Every structure is written in C-alpha cells, then in structure tokens.
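Working notes for the structure below.
Naming: A, B, ... by sequence-line order, numbering from 1 per chain. Values in this document were obtained by computation on a predicted structure and should not be read as measured data.
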Amino acid sequence: MSSQSILINGRTAPFETGESILDAAKKIGIEIPTLCFLKRAMPTGVCGICAVEVEGASDLVTACNTPASQGMVIRTESPKVVARRRSLIKKLLSSGNHNCAVCGTGSGEWERFQALVQGRDNAQELCPVWGDCELQNLAFLYQVQGENTPEPAQEFPKVEINPFIVRDYARCIGCGRCAQACNSVQVNDAINYVPGEAKAGEFPLANEDCVFCGECIQACPVGALVEKNARYTVRPWETKKVRTTCSYCGVGCQLWLHIKDNRVVKVTGVEEVGPNWGSLCVKGRFGFHFVGHEQRLTKPLIKENGKFREASWDEALDLVAKKLGEIRDAHGSDAFGLLTSARVTNEENYIAQKFARAVIKTNNVDHCARL
Amino acid sequence: MTNPIGDVEKAKAILITGSNTTENHPVLSCYAKRAARFADAKIIVADPRKIPMVRHSVLWMRQKLGTDVAWINGMIHVIIRDKLYDEKYVKTRTVGFDDLAKTVGKYTPEFVEGITGIPAEDIEEAARIFAKAKSASILYTMGITQHICGTDNVKSLANLAMITGNVGREGGGVNPLRGQNNVQGACDMGGLPNVYTGYQPVANADNKKKFEEAWGVTGLNEKPGMTATRMLPAAHEGKLKALYIIGENPMVSDPDIDHAKACLEHLDFLVVQDIFLTETAQLAHVVLPSACFAEKDGTFSNTERKIQRVRKAVNPPGQAKDDWWILVELARRMGYTMNYAHSRAIFEEIARVTPSYCGVSYDRLEHDGLHWPCPGPDHPGTPCLHKEQFTCGLGVLHAVEWIPPAEQPDDQYPYYLTTGRHIYHYHTGTMTMKSDGLNKAAPECYLEITPADAKGLGVADGEMVEVKSRRGAITVKARVCDATEDGTVFLPFHYAKAAANKLTNTALDPIAAIPELKVCAVSISKTA
Ligand code: SF4
Ligand code: SF4
C-alpha cells in the first residue's frame, strides 16, 4: 500500500509514485473532465480541459500530466477552474461546424449557421454525432454556448475518398487523440500530427499507411472522424448495444454490436476488458455486413435432379436422419464423417462431436483448423 | 498460446515467424509493435516475405521456403556453442538436451546459410538477441505448420524457447496464433478424431465409460477416427459414404481443390450446414441454414485459451437455426434424445465432463472471460501455462533434422509459390466479401512477383498471368513488388474465382496431417 496521498476537494486520495492527479482522482471516484486524454497513450495536456487548482501554485495545472506529489491540495471545480473550462469550451465550440443545439448566438444567426453547415454536409439534420459527443457533453455540463458565425473564416476540406471513414476537418478540435490512437496504440503511423503544433484541420489526416482499423474514429471525441456508413444514419438513441466476441480471427476481440431494426449497423470495441481494450481491426469493425445479408440461407434446401429446392425443417431433417441411418446400417459407423467448425461456438462443437460419437458411434470428427 | 496476449507487450525479444501478424492478427500485433516502440523490445522476423512487421523489427531473416528447422537449429547451435542457454532451467525442467546438442552440432551458421539463404551473421545475431533477452516470446502461425515438416518446425521452436528458459516465463512462451476465431474451442470441445472434450483420449477404457455414463449410451467407439485431410481421400476410395460439414468451405480452403471436389462428389450423401450457399454447399445433397455469431448465445475460446461469451444481438434470417438445435433435432429423429433449453445448459454439461473447463460458468463469464485450465468455481483461470512445471512433468527437447519440402522448383515449374491471407479478407471470403468497403479495399486476387522475375517474363504490373502447378491453373493479375524474393511468388487464398488452392500440394505432415499449403512449384506465363 502507498503511504503517499493528496487532498482532492477535501478528500484524501492515495497515489503511487508516477501517478497523475487525474489517476489519483479517478481512484476515489472524483471525475475530472478531459478531452485530449486517451487511455494507453502518453497524456499531452494540450486541450487544457482537465485544469485544476493546486493550492500555492500560481496558475492552474492540467491534471492528466501533472504527477501527484505528497501533500498537494487540489480543487477540481473551483470558480477559477470552471471559468477556465468555460472559456476553453466556448473557443472549441466556436472553432468549426459544431452545429449542435448548444451552439448559437442570436436566433437569426443560429439558423443561418445551421443552414450553412447542413448545406455543406448535404444533410437535413444536426451534427452526425449529436448525443455522442464529448464536447457537446461538456458544453451541457458547463452551460456554454458557442459563437458560431454563419461564415466560418476557413472552409475545411472533407475527406471521403476512402471506403470506411469520413474525415471532417471542419469538426476537428485538434486534440490529437486520433494521432495518439494511430501512432501509440495501434502503431500504424498513419497520422502525422503533433498536438499543439498545428491548428485544427491543418494537418492531413492519415496517409497511405492507414489500414482502416478505425482506432482513430473510436478515439475522436467529436464528429471529425465518423464511420462512413453510419454517418447521419445511425443515431445512439435509435440503437441498442450488445456485447459479444468477434467472429473472425483467434484474438477474440470484445465488440459492441450496435443494433437498429434487427440489423447490425455499427461495431465498436469494448474498452473495459482485454484482449483488445477497445481496439479492433478493419474486419472486426467494418466486416459485419454478412450478418443480415440478402444471400443468407433462410430455408433448408434439398437437391433434386441436380437442382436445389426449398424444404421444411421436418422434411429436410427426416431425410438426413433416414439417409444417415441407412448408410450406418449398410456400411458401418465409420462410413460417416463429420467436419465441425472453428467458426461455431463451443456449445455447438460439443453437440457436433457428441452427435457423431453417441449417435453414429464414430470418431471420424475433425474441423478445418489445419487449413 | 502458452502465454496471454497481454504478455507479448512484456517481452524483451519477440521472434515472429510464419505469421503475417499485422494483417492476420492485427490487434495482437499492436502488442508487439508497442513493445518495440515504447519498451525497447527487439523484434526478429523470420519470413520469406517482406511483411509489414519487418518495418518494426531489428532483424529480418528471409529464409527459403520450407527451411525453418534449419535456421532454428542454427540459432540453437549458436546458443549452445556460446553457452547462452539457461543451464538451470535445462537441468531441472527438461530432458533430451544432449541429443539436441548433438543434432544441432552440424547446423553451424555457415551450413545453415547454405540451406536457408540467411546470412550466417544474421543467425548469430538472432541467437544472441533471443538468448540474452530477459524474456523472449515466439509468435507463429500457419507459415510454420502448413509444411510436411510442420510438427518438426513447432518442436524446433519449442526447443528454442525451452533451452532459453522461456516457457512458463512472463513475456515468453511458444505462442501459436489461431487463425480462426474458435479453432481453440473446436479442439477443446473434442472436434478432433482422437479425443473427447479437454483432450481426453477416445482410446481409453475409463474415458469411454465416463462418456457412456454422461451421455447415457453404450458402445462408444474406442478407435480414433480420420482427420479431415484423410476423410476426403477416403471418400474418393469409397470408404467414407456420408459427410456432414458444418460452417467450413473446403472447396476454397483445401489444397488441390479440383481433387477435393472429386472426393466430395464421390460421396453417397453430403450435408452442409452453413450461413451461405458456399462453393462447398453447392455440392451438397441437403443444405441446412444456420444462425451466425450475432444471432446466437454461446462461447468462443480464443488463441490465449480465454473463454468468452457470444451473445445474441439480432434474430436469424428466415428459418435459420442455431447449429446445436439442428443437431439435437437430427439426433432425436435417429432415436437419441438430448434436452437443452438454452446454450447455457450445454455449457453446464461441458463443464461437468471437461476438467479444464469445470470451474467456468456463464455467470462467471458475464463481465470478462476466463483462461482454461480453470479447475474449480473459485479458480482464477490460468493465463500462463507451465509456470512452475510442465503439465506432463519434464519438457522434452526433441532433436529434429531438416528435410526439404515435398515439391521443389524444376525446369517445368521453376517458381516457388507460397500462400496466405491479407488484412481485408478472412479465410475463404464467405463473410468479408459481403462488405462493400472491404471489397473496395481488396477487390480481386493478385500474384506478388518481384520486378526481376516480372521482367524476365515480360510481365508488367497489372497484367494478367497464368499460374500453373502439377494440379491446376488459375489466371490472376500480377502485382510487381519486392515482397518476396526472386524465384518466389505469393498468392492470397481468399478468392474462389482465382483460387490459390487449385495449385497447392496435398502432401501431408505425417503426424499432424496438415497439408503443405505454404510451398509448391509453379510455372508462370503471360496470358494472351
Ligand atoms: S483507421 Fe487506423 S490506421 Fe487509419 S488513420 Fe485511423 S487509427 Fe490510423
Ligand atoms: S477485430 Fe480483428 S483482430 Fe480482433 S478478433 Fe476481430 S479480426 Fe481479430
């Protein structure tokens, strides 16, 4: 146990050497808001939102990259802190196409701004990540409105050429989380950006080394990086999330399937547990369309005169049972073989081998893992 | 894997061989890349292709196809010669060291260079990096196992890990990465011809009795059955009359597809249970529609032996059913009743008859998975195997000699062909090819060929070529690049339309019965 501690909002918070103020606060359940902070990467402190007041210090410090030191006395929501956060949030909200309901100046201006952004997005709705945006959440929390002008000084390009990701620089807040996700977590080195060194939107996102893992999308706190086929069509309040395991390779990443009208419409990584701690690859994140695909088999098929015809379960199963029984009786149990599957569940593999062994009485059971 | 995935990031040296990790196990590869970038781990790649991981490595050894035992023996030679092995570990935990030392005696770096084409000094360097690291992990996949000497390759890697004391060590281990999501589970569940669940041999009277009691039957067969690679020829010979295939597509994944087709057509009765009408299903007499992973409850066991939940998120299309439901119904119609209300009940039965799973339950898996062996309800699971001692006492060092691949280039078929996957598609493409984005990213098959070979054939990048082996021929677009070395070409095997496995060899490893998919000889010519 550590004997070191600091005082946060009047409560004692123990910490280990090397831990930040943010770490210490989290341990005792005090939440300090962050934007640029990304788990599994070195904190940069570039957004400044996690500013806190340390007694005796001349200025506020960023909690994410300031190490806790014995005896510090910290306040996380003092008037000075709140004022700082409000001004930072306001600046970010005013910096681009943040057309959520919390932004606006005079009502006329607001409508003109909306019309402009929707025109540029070719959309009839508010921001594609409305309700799923960390900046918007902070704006609600601190009751801040942006000062968006109808003509943002600079028109940022939107990159849509790749098949998976829309990169919308007009909503980028320059936090650098995408660069950290790409370079520090996935180590794909596709985003060349050092937070704080360039202004939002001035860096080219993702070069040809991009392998579309989508780590950057999941890391983006705002609407600058969005799945192409979910943009404006998948809204968090219309979907339910089900946690499961990826069905492609043997890593077994933990996924959230986002479901709308009995269809998988989006996939994200589960951040709380291994093996992936939120990471996915292009197949796991974007390869889900087979699930409800129109070519799926929906009825048993029986081949007659070289052609398939649809059949009921009863008819198909009776036929299979009869045939297998005949072959077993005429040629013995070992004339039957069963290839179970590295694709189906443990429970199904178990039943498959039980079927071959207990019903047919053969050990001709294998799967295609050798291939 | 002997070690958990997270351990890869704790390794100080990582030997990656026969595994295009960044493309085939992308998320796992991040652990290795992070170790190299942020924790000074040294990655050694041994691969005939210049795979993306080479960029993150300190050393890349490009071996000639099918020469793995030679370079691994070479590394072991150097480690023993320079006394870099873990003497205490070798003495207390292994047997067979003297034999091994004798066998590798002749595998001097120079001798190995002659066989593998890897410069002698690189073998020396690799041996030093690996043996001196505080913990050294080995990652491998099909590039090691899909050879006639696949079992020997794996034994050699195990030798290397054991003499350096890396088995049972955090950040070490011999770690096969499973290519398909539930290969581990299919094996654990007895989806093998010689064992019941948890690797309990069928040729054992006690096990027979145990399962007869558990299942309420008599006369369980004690004779081990045929492997998949032997079932097909048996069908051809007329010994196997009926085959039931669940969720696999051997018509794209098997070596020598034309032959595989002939075998399947020989069957009196073929049932295929799948989610799509695959190339294999088209040959079936009866096709049964099953639910896919997003439509059912259950568990998968991943490559680190972690049992994790699968949960139903959507309803299956039409009348598609859970694979287990179909088999239970069939069993009932053949006079054997099984009663399960839900996959949970099946899992409870698995836990009852499988010692390594007996402490696992759906309740325990709710938030996070568990690594087997998990022998009791309070047992925390076993992320790292062989920690204090090997499951079977002492670790056996197997002295193995290198043998050349079954087929080598000659005048008629002058190029080596090797096969694999790329990042955008999965196995036979049945699933991934339903996503437009993935198809856009990787629309069609291609043949990787070096600039020198392409020039020699008068082929330009993007032109069509015919690739031919003793078994078949395909037409495919040439991709001129320096991924392989001169004289060797590469094909991804995902595409049914230009199926690499029309060309590959069915020669089998005598023990594991794995075909030599990674090496065969081909000729290449420009198509008119
Ligand atoms: S998708 Fe992945 S590789 Fe591409 S830019 Fe984003 S994080 Fe990097
Ligand atoms: S998301 Fe990618 S790395 Fe993870 S299990 Fe799925 S296929 Fe494998």
Under 4.5 Å heavy-atom distance to chain A, tell me which part of [X] shows up: side chain, backbone, both or neither.
{"X": "B:M338", "answer": "side chain"}
{"X": "B:F38", "answer": "side chain"}
{"X": "B:E212", "answer": "neither"}
{"X": "B:Y196", "answer": "both"}
{"X": "B:M231", "answer": "side chain"}
{"X": "B:S290", "answer": "backbone"}
{"X": "B:K239", "answer": "backbone"}
{"X": "B:R344", "answer": "neither"}
{"X": "B:A345", "answer": "neither"}
{"X": "B:L177", "answer": "neither"}
{"X": "B:P224", "answer": "backbone"}
{"X": "B:H367", "answer": "both"}
{"X": "B:I326", "answer": "both"}
{"X": "B:Q273", "answer": "neither"}

Part of [X] within contact of chain B (heavy atom distance under 4.5 Å):
{"X": "A:Y248", "value": "both"}
{"X": "A:F308", "value": "side chain"}
{"X": "A:Q254", "value": "side chain"}
{"X": "A:C246", "value": "backbone"}
{"X": "A:L338", "value": "both"}
{"X": "A:V187", "value": "both"}
{"X": "A:I259", "value": "side chain"}
{"X": "A:N188", "value": "both"}
{"X": "A:V185", "value": "both"}
{"X": "A:V359", "value": "side chain"}
{"X": "A:K354", "value": "both"}
{"X": "A:R40", "value": "side chain"}

Parallel, tilted or perpendicular: which describes the rings of B:W215 and A:Y350, with under 30° parallel and over 60° perpendicular?
->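 Geometry flag for A:Y350 against B:W215: perpendicular rings.
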
Should the ring pair A:H293 and B:F276 be called parallel, tilted or perpendicular, given that the plane angle runs from 0 to 90° and is split at 30 and 60?
->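 It falls in the perpendicular class, over 60°.
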
Counting heavy-atom pairs under 4.5 Å with chain B, which one of [options] comes out on top?
{"options": "A:E347, A:Q353, A:E215", "value": "A:E347"}
{"options": "A:N262, A:V344, A:T244", "value": "A:N262"}
{"options": "A:G287, A:P300, A:C253", "value": "A:P300"}
{"options": "A:I302, A:V291, A:L257", "value": "A:V291"}
{"options": "A:V365, A:N363, A:L255", "value": "A:N363"}
{"options": "A:V242, A:D334, A:L301, A:V273", "value": "A:L301"}

With chain A, which of [options] has the greatest number of heavy-atom pairs at distances under 4.5 Å?
{"options": "B:F269, B:Y426, B:Y244, B:Y424", "value": "B:Y426"}
{"options": "B:Y31, B:F211, B:W324, B:F300", "value": "B:F300"}
{"options": "B:W325, B:F293, B:Y340", "value": "B:F293"}
{"options": "B:A331, B:G335, B:A320", "value": "B:A331"}
{"options": "B:V314, B:D368, B:V310", "value": "B:V314"}
{"options": "B:Q184, B:E295, B:E23", "value": "B:E295"}

Is a side-chain N or O of [X] found less than 3.5 angstrom from the main chain of [Y], in a donor-acceptor match?
{"X": "A:H367", "Y": "B:G191", "value": "yes"}
{"X": "A:D366", "Y": "B:P193", "value": "no"}
{"X": "A:K283", "Y": "B:I423", "value": "yes"}
{"X": "B:N302", "Y": "A:V251", "value": "yes"}
{"X": "B:E248", "Y": "A:A342", "value": "yes"}
{"X": "B:K306", "Y": "A:G274", "value": "yes"}
{"X": "B:R311", "Y": "A:T245", "value": "no"}
{"X": "B:E329", "Y": "A:L317", "value": "no"}

Residues A:E348 and B:K296 bridged, charged N to O under 4.0 Å =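 Looking at B:K296 together with A:E348, the answer is yes, because their closest N to O distance falls below 4.0 Å.
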
B:R37 bridged to A:D189 by N-O distance under 4.0 Å =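 Between A:D189 and B:R37 there is a salt bridge, with a charged N closer than 4.0 Å to a carboxylate O.
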
Quick one: does B:M334's side chain get under 4.5 Å of A:I360's, heavy atoms only?
->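 The answer is yes; the side chains approach within 4.5 Å.
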
Student check: side-chain heavy atoms of A:T298 and B:P317 closer than 4.5 Å |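 Contact flag for A:T298/B:P317 side chains = yes.
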
Which atoms form the tightest heavy-atom contact between [X] and [Y], and what is the distance?
{"X": "A:G337", "Y": "B:L240", "result": "N-CD1, 3.7 Å"}
{"X": "A:H289", "Y": "B:K434", "result": "CB-O, 3.4 Å"}
{"X": "B:R34", "Y": "A:S184", "result": "CD-O, 3.3 Å"}
{"X": "B:G298", "Y": "A:T345", "result": "CA-CG2, 4.1 Å"}
{"X": "B:A242", "Y": "A:L324", "result": "CB-CD2, 3.9 Å"}
{"X": "A:I351", "Y": "B:V328", "result": "CG2-CG2, 4.1 Å"}

So among B:D188, B:T299, B:T354, which one has a side-chain hydrogen bond (donor to acceptor under 3.5 Å, both in side chains) with A:N346?
->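 That would be B:T299; it is the only one of B:D188, B:T299, B:T354 passing the side-chain hydrogen bond (donor to acceptor under 3.5 Å, both in side chains) with A:N346.
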
Show your reasoning for whether side chain to side chain donor-acceptor pair (under 3.5 Å) applies to B:N221 and A:R357.
-> CA-CA 7 Å; B:N221 198 328; A:R357 294 189 161 119; over 6 Å; no

Out of curiosity, A:F288 CZ to B:C292 SG, how far, rounded to the nearest 0.5 Å?
->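 Separation between the atoms: 12.5 Å.
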
